[in-house]
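For reference, the structure is listed below as structure tokens.
In this text the structure is predicted, and so the values were computed from the model without any measurement.
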Amino acid sequence: MASGTPVGQSGNTFTYRSTAPVASYATTLAVGRYRKLAATGPRGIPVTTWYRAKDAQYLPMFKRSPAFLTWLEERFGPYPFDSAGLVMVESNSAMETQQMVTLGEVQPARGDQMFDLTTLHEYAHHWFGDAVTLTDWRDMWLNEGWALYVQKLYEKDRYGLSDAELVKSSRQRDGELRKEYGPPSKPDRAEFGATNVYTCGAAMLRQLHQALIDAWLDSPTTPPETGPLPR
């Protein structure tokens, strides 16, 4: 299985294609004995999960992908690619590989909530990090800050995270992480992908959300037509 949309097989050669540009770090290839779970996402998008026999216990989790994409589309517009899905791999991490999220086998074992938040985070990257990507690793916070903030919005919506809890924890961690790893746009090179590029960027986005969108929603006048608001 690979990132991109499958377009055919000739003998032992499988071909995948993307109609959109793909950053090299957002590609994946997985080789193994996989089973296929096919589903349909919003607007008829094909959503495919590739899993191993030992992953079958997590099928109820895997079936949530169309719901994640629907939730994201309602807030950020149409999914930017031709297909979506997950592929399970022997890893502890997860990655926003374009059109086919690479999900480490430890993720579903962490339970429903952590699976949902991690998978939603990686799908969010298809808007923030894949469709629009960075040109310099110093801008990694634009990828991770957005994806983490979207994850927190989902946690508020589905798991009861309060806005006060979000703001309090974000402010505390922002100060701690800047001291330890530096500002998110100029991180320590020896600490690639440290938490500051996630949390500090998400904290900034919450402040902008509060100053702009919440101010509109709390105004006695009707806000202009801007499409769905991610409250």
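Using a 3.5 Å distance cut-off with no hydrogens or angles, the side chains of Asp82 and Thr19 do pair a donor with an acceptor. Ser83 and Thr5 are linked by a side-chain donor-acceptor pair at a separation below 3.5 angstrom, with hydrogens and angles left out of the test. Judged by distance alone, the side chains of His121 and Glu96 never bring a donor and an acceptor atom under 3.5 Å apart. In this model, a donor atom of one side chain and an acceptor atom of the other lie less than 3.5 Å apart for Thr97 and Thr102.
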* Could you check Glu105 against Ser91 for side chain to side chain donor-acceptor pair (under 3.5 Å), going step by step and ending with a plain yes or no? => CA-CA 6 Å; Glu105 59 192 1; Ser91 170; over 6 Å; no
* To do: Verify salt bridge (charged side-chain N to carboxylate O under 4.0 Å, His left out) between Arg75 and Asp157, making sure each step is shown before the conclusion.
  => CA-CA 12 Å; Arg75 288 151 180 83; Asp157 189 35; 3.6 Å; yes
* To do: Test ring pair (Phe, Tyr, Trp, His ring centres under 6.0 Å) on Tyr149 and His209 and set out the steps.
  => CA-CA 10 Å; Tyr149 186 52; His209 191 160; 5.7 Å; yes
* **Worked check of side chain to side chain contact (heavy atoms under 4.5 Å, CB included) between Leu69 and Val47** => CA-CA 10 Å; Leu69 294 172; Val47 181; 3.8 Å; yes
* Please assess Met88 against Lys54 for the test side chain to side chain contact (heavy atoms under 4.5 Å, CB included), listing each intermediate value before the final yes or no. => CA-CA 10 Å; Met88 296 297 299; Lys54 64 181 180 179; over 6 Å; no
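Among all heavy-atom pairs drawn from Ile45 and Ala84, the shortest one is CG2-N, 4.1 Å. Shortest non-hydrogen contact noted between Ala56 and Arg35 is CB-NH1, 4.5 Å. Considering every non-hydrogen atom in both Gly41 and Pro66, the closest pair reads CA-CB, 4.1 Å. In terms of heavy-atom proximity, Ala20 sits nearest to Ser18 at O-OG, 2.8 Å.
Each of Lys168, Lys152, Lys156 was checked for a salt bridge (Lys or Arg N to Asp or Glu O under 4.0 Å) with Asp163, and the lone residue meeting it is Lys156. When each of Arg64, Arg110, Arg158, Lys63 is paired with Asp116, the salt bridge (Lys or Arg N to Asp or Glu O under 4.0 Å) condition holds for Arg64 and for no other.
By the criterion of side-chain heavy atoms lying less than 4.5 angstrom apart, applied directly or through intervening Ile, Leu, Val, Met, Phe, Trp or Tyr residues, Leu161 is grouped together with Leu153 in one hydrophobic cluster. Leu148 and Tyr159 fall within the same hydrophobic cluster, defined by Ile, Leu, Val, Met, Phe, Trp and Tyr side-chain heavy atoms under 4.5 Å apart, directly or through other members. If you chain together hydrophobic residues whose side chains sit under 4.5 Å apart, Leu208 and Leu166 fall into the same group.
How far OH of Tyr16 is from OG of Ser3: 9.5 Å, rounded to the nearest 0.5 Å. Separation of atoms CZ (Phe14) and CD (Gln9) is listed at 3.5 Å; rounding is to 0.5 Å. Taking CG from Leu29 and CE from Met100, the interatomic distance works out to 11.5 Å, rounded to the nearest 0.5 Å. With rounding to the nearest 0.5 Å, the separation of CD in Gln207 from CG in Asp174 is 9.0 Å. In this structure, CG on Leu72 lies 5.0 Å from CG on Leu120, to the nearest 0.5 angstrom. Here the straight-line distance linking atom CG of Leu37 with atom OH of Tyr51 works out to 6.0 Å at 0.5 Å rounding.
More than 12 heavy atoms of other residues, nucleotides or ligands lie within 6.0 Å of CZ in Arg178, so this atom counts as buried by the packing criterion.
A donor-acceptor pair is defined here as one N or O able to donate and one able to accept, closer than 3.5 Å; such a pair exists between the side chain of Ser162 and the backbone of Glu165. Trp146 places no side-chain N or O within 3.5 Å of a backbone atom of Trp127 that could act as its donor or acceptor partner. The backbone N or O of Arg52 lies less than 3.5 Å from a partner atom in the side chain of Asp55, making a donor-acceptor pair.
Below 30°, between 30° and 60°, or above 60°: for Phe128 and Phe76 the angle between ring planes is above 60°, a perpendicular geometry. By the 30° and 60° cut-offs, the orientation of the rings of His126 relative to Tyr123 is tilted.
In this structure, the salt bridge (Lys or Arg N to Asp or Glu O under 4.0 Å) partners of Arg173, at least two apart in sequence or on a different chain, are Glu176.
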Mind listing the side-chain donor-acceptor pairs of residues 191-201 below 3.5 Å, one per line with the distance, residues two or more places apart or on another chain?
from, atom 1, to, atom 2, distance (Å)
Asn196, ND2, Gly182, O, 2.9

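Considering only heavy atoms from C-beta on, Tyr58 stays 4.5 Å or farther from Asp112 through its side chain. Counting only heavy atoms from C-beta outward, the side chains of Pro108 and Met61 approach each other to under 4.5 Å.
Remark: aromatic rings of Phe62 and Trp50 are distant, center separation not under 6.0 Å.
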